[in-house]
Amino acid sequence: MLLYDVVLQSRLMIGSALYPSPAIMAQAIAASNASVVTVSLRREMAGATKEKPRFWSILENLHQPLLPNTAGCHSAKEAVTTAHMAREVFKTDWIKLEVIGEDDTLQPNVFELVEAARILNNDGFKVFPYTTEDLVAADRLLSVGCRVLMPWGSPIGSARGLNNVYGLTTLRAHYPDVPIIIDAGLGVPSHAAQAMELGCDGVLLNTAIAKAIDPIMMAEAFSKSVEAGRLAFLAGALQPRNMATPSTPMAGKPILD
Amino acid sequence: MMVTINGSQARTDATTLFELIEERGYAAMFVATALNGKFITIGERENERLRAGDAVEILTPRQGG
């Protein structure tokens, strides 16, 4: 997978939040074979330290590209400021741009999102916009310089899978050459496989792995489902039909009645 | 003087953002700072003077989805 001229070996991107422990997080990320790990910036509530933060050391040991996010931002201004702070700390110009517009569904505010993306692209960022399947929003994001689209499957953490298969299929068809990463709402590996079978380029997961009873095993399951879905897309799937067609040849069937 | 640091009132003798980071014991390279909602780079902290009532955000790397 090629994102902003970087070749990634895996089509799975994984979040670093909500795991039972840092050790399980690291093991789950390793088991997922993910190509990118998402991170955030937050106030330090545990007290200041002159030492390198422990979480930073864990990230270094992962040896994976990091994708900082702007999670929780509700305006373009807030997201742009957060992105600049993240670029300085994480030393990457990649930013997963989230601008939330509705608190119950965490639905992106695509108006503020486009404005933030415009500013950040002009500031030299590589923007990964968390958006909806809306075609007009996608068009605006691409026109302001985004080269990746990250539509939600369903609300963040909801585990509902792909709520609007038609919309995502249409988005894929409209932009066949733009990487599309399903960013949110996947709950089980079959959801990820479905996204890949639709022709999406990758998926980004967090809660479904981190909150599983066994996050490490679930990470491996998602890894395999993403690979299986991609292979199925490339292989060309049989299209559904209403009537049965026998798989065993009728030619040569004896008459025994 | 009194300033707000990460949402909490605090008394400080620091005159610049650079001094505040030192005073509070943060590792300068591993935090990002904003003053009254404006991003202040590491290089700008030394010249960024603090005033009573300023709101300072000091952020560190954390888990994220």
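Just so you know, these numbers come straight off a predicted model, no measurement behind them. Every chain is numbered from 1 and lettered A, B, ... according to where its sequence line falls, protein lines coming before strand lines.
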Note to self: So for B/I42, is it side chain, backbone, both, or neither that comes closer than 4.5 Å to the heavy atoms of chain A?
What the structure shows: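 Contact with chain A: backbone and side chain both.
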Margin query: I'd like to know which of A/A71, A/P53, A/G15 tops the heavy-atom pair count under 4.5 Å against chain B.
Written below: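 That would be A/P53.
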Item checked: Pick from A/L41, A/L204, A/L66, A/I156 with the largest number of heavy-atom pairs that fall under 4.5 Å of chain B ->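 When all of A/L41, A/L204, A/L66, A/I156 are compared, A/L41 has the most.
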Notebook entry, point to check: Would a 4.5 Å heavy-atom cut-off, applied to side chains only, mark A/V89 and B/P61 as touching?
Noted result: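 The answer is yes, as the side chains (C-beta and beyond) meet within the 4.5 Å cut-off.
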Next item on the list: May I ask you to check whether over 12 heavy atoms, not counting those of B/M1, lie within 6.0 Å of atom CE?
Entry: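 Yes, enclosed.
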Margin query: Under the salt bridge (Lys or Arg N to Asp or Glu O under 4.0 Å) definition, can you give me all pairs with a residue in residues 16-31 of chain A, not counting sequence neighbours?
Written below: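 Listed once each, the pairs would be none.
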Dump the table of donor-acceptor contacts under 3.5 Å between chain B and chain A, or return none if there are none.
unit_1: B/N6; atom_1: O; unit_2: A/R43; atom_2: NH1; d: 3.2
unit_1: B/E22; atom_1: OE1; unit_2: A/K50; atom_2: NZ; d: 3.4
unit_1: B/E22; atom_1: OE2; unit_2: A/K50; atom_2: NZ; d: 3.2
unit_1: B/G25; atom_1: O; unit_2: A/T49; atom_2: N; d: 3.4
unit_1: B/G25; atom_1: O; unit_2: A/K50; atom_2: N; d: 3.4
unit_1: B/Y26; atom_1: O; unit_2: A/K50; atom_2: NZ; d: 3.2
unit_1: B/A27; atom_1: N; unit_2: A/T49; atom_2: O; d: 3.1
unit_1: B/G37; atom_1: O; unit_2: A/K77; atom_2: NZ; d: 3.4
unit_1: B/I42; atom_1: N; unit_2: A/E88; atom_2: OE2; d: 2.8
unit_1: B/E57; atom_1: OE1; unit_2: A/R43; atom_2: NE; d: 2.8
unit_1: B/E57; atom_1: OE2; unit_2: A/R43; atom_2: NH2; d: 2.7
unit_1: B/T60; atom_1: N; unit_2: A/R42; atom_2: O; d: 2.8
unit_1: B/T60; atom_1: O; unit_2: A/R42; atom_2: N; d: 3.1
unit_1: B/T60; atom_1: OG1; unit_2: A/E44; atom_2: OE1; d: 3.4
unit_1: B/R62; atom_1: N; unit_2: A/S40; atom_2: O; d: 2.8
unit_1: B/R62; atom_1: O; unit_2: A/S40; atom_2: N; d: 2.8
unit_1: B/R62; atom_1: O; unit_2: A/S40; atom_2: OG; d: 3.4
unit_1: B/R62; atom_1: NH1; unit_2: A/R43; atom_2: O; d: 3.0
unit_1: B/Q63; atom_1: O; unit_2: A/S40; atom_2: OG; d: 2.7
unit_1: B/G64; atom_1: N; unit_2: A/S16; atom_2: OG; d: 3.0
unit_1: B/G64; atom_1: O; unit_2: A/S16; atom_2: N; d: 2.8
unit_1: B/G64; atom_1: O; unit_2: A/S16; atom_2: OG; d: 3.3
unit_1: B/G64; atom_1: O; unit_2: A/T38; atom_2: OG1; d: 3.0
unit_1: B/G65; atom_1: O; unit_2: A/T38; atom_2: OG1; d: 3.4
unit_1: B/G65; atom_1: O; unit_2: A/N69; atom_2: ND2; d: 2.8
unit_1: B/G65; atom_1: O; unit_2: A/K96; atom_2: NZ; d: 3.1

